[in-house]
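One structure is given here, and the rest of the page talks about it.
Just so we're clear, the structure is a prediction, and the values are computed from it rather than from any experiment.
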Amino acid sequence: LIGALRSVQRGSIEVLGHDLSRLAGRDLVAVRRNIGFIFQMHNLFDSLTAFENVQMAMQLSDCPASEMRRRGTDILDRLGLGHRAHYRPKALSGGQRQRVAVARALVNRPAMLLADEPTGALDSKTGHEVLELFANLHRQGNTILIVTHDLSIAAMAERRVEIHDGLIKQEE
């Protein structure tokens, strides 16, 4: 619901200053363009290279062509994947695919990041680097919502909401 991928059935939800329950069509798409998504299962296109998967996100945001190569290369380099930019997902490790998904989510500099187990496929060093990147974005004013089972990641959060069986159990 927060990512505007599903419709609000009852009640309301405000995201980035918009009541999603009152929006439809193009207005929801406009909100989504300000949200970066990191899905648990990567959701990369196997027929595209790592760079092309990242580039696709920029094409959806109307990024000027002159900017695409620079921004795509910069984010992949930042995540340690510059040397793998032209590899297709099947030629990448699980952790490398996860970092491509992170790059795709961040390349458009979204106001909000929704991340489902964003470090699940990463080794501890790389996971820490990704979390530091998220922390830097948060310090710049970005909203970051992470779903995780990893208590060490949860401990880093400014605010934590623990959910069991669909109900809020604890909020800090």
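Remark: N43 engages no residue in a side chain to side chain donor-acceptor pair (under 3.5 Å) (not counting sequence neighbours). Qualifying salt bridge (Lys or Arg N to Asp or Glu O under 4.0 Å) partners for E158, counting only residues two or more places apart in sequence or in other chains: none. Scored by the salt bridge (Lys or Arg N to Asp or Glu O under 4.0 Å) test, D74 finds R70 as partners (sequence neighbours excluded). Judged as a ring pair (Phe, Tyr, Trp, His ring centres under 6.0 Å), and not counting sequence neighbours, the contacts of F39 are F37. Scanning for side chain to side chain contact (heavy atoms under 4.5 Å, CB included) contacts around M56 gives F45, L48, Q59, with sequence neighbours left out.
Sorted by first and then second residue, the ring pair (Phe, Tyr, Trp, His ring centres under 6.0 Å) pairs involving residues 128-159 (not counting sequence neighbours) form an empty list. Pairs of residues two or more places apart, or lying in two chains, never qualify as ring pair (Phe, Tyr, Trp, His ring centres under 6.0 Å) while including a residue from residues 63-92. The salt bridge (Lys or Arg N to Asp or Glu O under 4.0 Å) pairs that include a residue from residues 5-22 are D19-R22, where partners are two or more places apart or lie in different chains. Contacts classified as salt bridge (Lys or Arg N to Asp or Glu O under 4.0 Å) and involving residues 35-46 (residues at least two apart or in different chains) are not found. Residue pairs meeting the side chain to side chain donor-acceptor pair (under 3.5 Å) criterion with at least one member in residues 100-113, sequence neighbours excluded: S61-N108, R71-N108. Applying the side chain to side chain donor-acceptor pair (under 3.5 Å) definition to pairs two or more places apart or across chains, those involving residues 162-172 are R159-E171, R160-E172, E162-H164, Q170-E172.
Counting only heavy atoms from C-beta outward, the side chains of T73 and L76 never approach each other to under 4.5 Å. In this structure, L145 and M112 have side chains that are not in contact, with every pair of non-hydrogen atoms separated by 4.5 Å or more. Side-chain contact between V102 and I75: absent, with no pair of heavy atoms (C-beta onward) separated by less than 4.5 Å. Residues H42 and Q98 are in side-chain contact: their nearest non-hydrogen atoms beyond the backbone lie under 4.5 Å apart. The shortest side-chain heavy-atom distance between V100 and L92 falls under the 4.5 Å cut-off. Between I38 and I146, the closest side-chain pair of non-hydrogen atoms is not below 4.5 Å. Side-chain contact between T126 and L79 is absent, with no heavy-atom pair separated by less than 4.5 Å.
Within 6.0 Å of the CZ atom in R78, the count of heavy atoms belonging to other residues, nucleotides or ligands does not exceed 12.
Residue L151 belongs to no hydrophobic cluster, having no ILVMFWY side-chain heavy atom closer than 4.5 Å to its own.
What you find for L1 and L20 is that their closest heavy atoms are O-CD1, 3.3 Å.
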